[in-house]
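One structure is given here, and the rest of the page talks about it.
As the structure is a computational prediction, the values presented were derived from the model and not from experiment. Each chain gets a letter, A, B and so on, in the order its sequence line appears, and its residues count up from 1.
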Amino acid sequence: DIQLTQSPSSVSASVGERVTITCRASQDVSTWVVWYQQKPGKAPKVLVYAASHLESGVPSRFSGSGSGTDFTLTISTVQAEDFATYYCQQANAFPITFGQGTRLDIK
Amino acid sequence: VQLEESGGGMVQPGGSLSLSCVGSGLRFGNYEMNWVRQAPGKGPEWVSYISTSGTTIHYAESVRGRFTISRDNDQSSLFLHMKSLRAEDTGLYYCACQRVAGATGAFDYWGQGVLVIVSS
């Protein structure tokens, strides 16, 4: 199975700050990585697919990069509505796997 | 697009339960379907996949042999039959779909989830 390791597991930030979350895969997944945002009581929501493609309707302050085994989700200027938990997911091979999550909270 | 799950509840260890998911607002037969679960306070865990025609199926190792996924495209429905349930199967079960055309690997749409509790 492909393991996804996210770091950090939690991060505190103020509104307007830049935040970077990383996701490392245990083997090459090409660009088959998706980033989700999840808020309490809600299903995950797609932010970025194919490692770097912004989902329609997602604010441009979100961006993704990477290929192979190392991936990054960046929020250029954090807004109040961005405080949530973020997950990466690989779709390169079954079983589909998720990272353990990164919780972004208010400093 | 709406995906609506049903069938959850509380069951004793070793018991069985069947989940359903009905889709609306989408051409159901054009989407690959999955079940994804989330234990309380944990991240999502993929459970099972079924192709558009139902001919290709995958399971997570943790549920293989105990869970069975199926679909009825005419009824825009997805099913998960679960048997020999364990405490570790407790969680919120989501149905989630993946587009085939322009596939990205993402779970594009999710239901609201249905709660399964396995406890004596």
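Tracing side-chain contacts under 4.5 Å through hydrophobic residues (I, L, V, M, F, W, Y), one reaches Tyr59(B) starting from Met33(B); they form part of the same cluster. Tyr93(B) is connected to Val11(B) through a chain of hydrophobic side-chain contacts under 4.5 Å among Ile, Leu, Val, Met, Phe, Trp and Tyr, so both are in one cluster. Residue Tyr94(B) is grouped with residue Phe98(A) when hydrophobic side chains (ILVMFWY) are merged at heavy-atom distances under 4.5 angstrom, including chains of intermediate members. Tracing side-chain contacts under 4.5 Å through hydrophobic residues (I, L, V, M, F, W, Y), one never reaches Val100(B) starting from Leu3(B); they form parts of separate clusters. Under the 4.5 Å side-chain contact rule for hydrophobic residues, Phe79(B) and Tyr31(B) do not share a cluster.
Interface remark: of the candidates Ala60(B), Ala103(B), Ala106(B), Ala96(B), Ala106(B) forms the most heavy-atom pairs closer than 4.5 Å to chain A. Across Ile96(A), Thr31(A), Thr97(A), the residue that shares the most heavy-atom pairs under 4.5 angstrom with chain B is Ile96(A).
Within residues 35-57 of chain B, the residues approaching chain A closer than 4.5 Å by heavy atoms are, in numerical order, Val36(B), Gln38(B), Lys42(B), Gly43(B), Pro44(B), Glu45(B), Trp46(B), Tyr49(B). Heavy-atom proximity under 4.5 angstrom to chain B picks out Glu55(A), Tyr87(A), Gln89(A) from residues 54-89 of chain A. Residues of residues 99-107 of chain A having a heavy atom under 4.5 Å from any heavy atom of chain B: none. Against chain B, the residues from residues 41-49 of chain A that qualify, each with a non-hydrogen atom under 4.5 angstrom away, are Lys42(A), Ala43(A), Pro44(A), Val46(A), Tyr49(A) in number order.
Other residues, nucleotides and ligands contribute only 12 or fewer heavy atoms inside 6.0 Å of the CD atom of Gln2(B). Other residues, nucleotides and ligands contribute at most 12 non-hydrogen atoms within 6.0 Å of the OH atom of Tyr109(B).
Heavy atoms closer than 4.5 Å to chain A are found nowhere in Gln112(B), neither backbone nor side chain.
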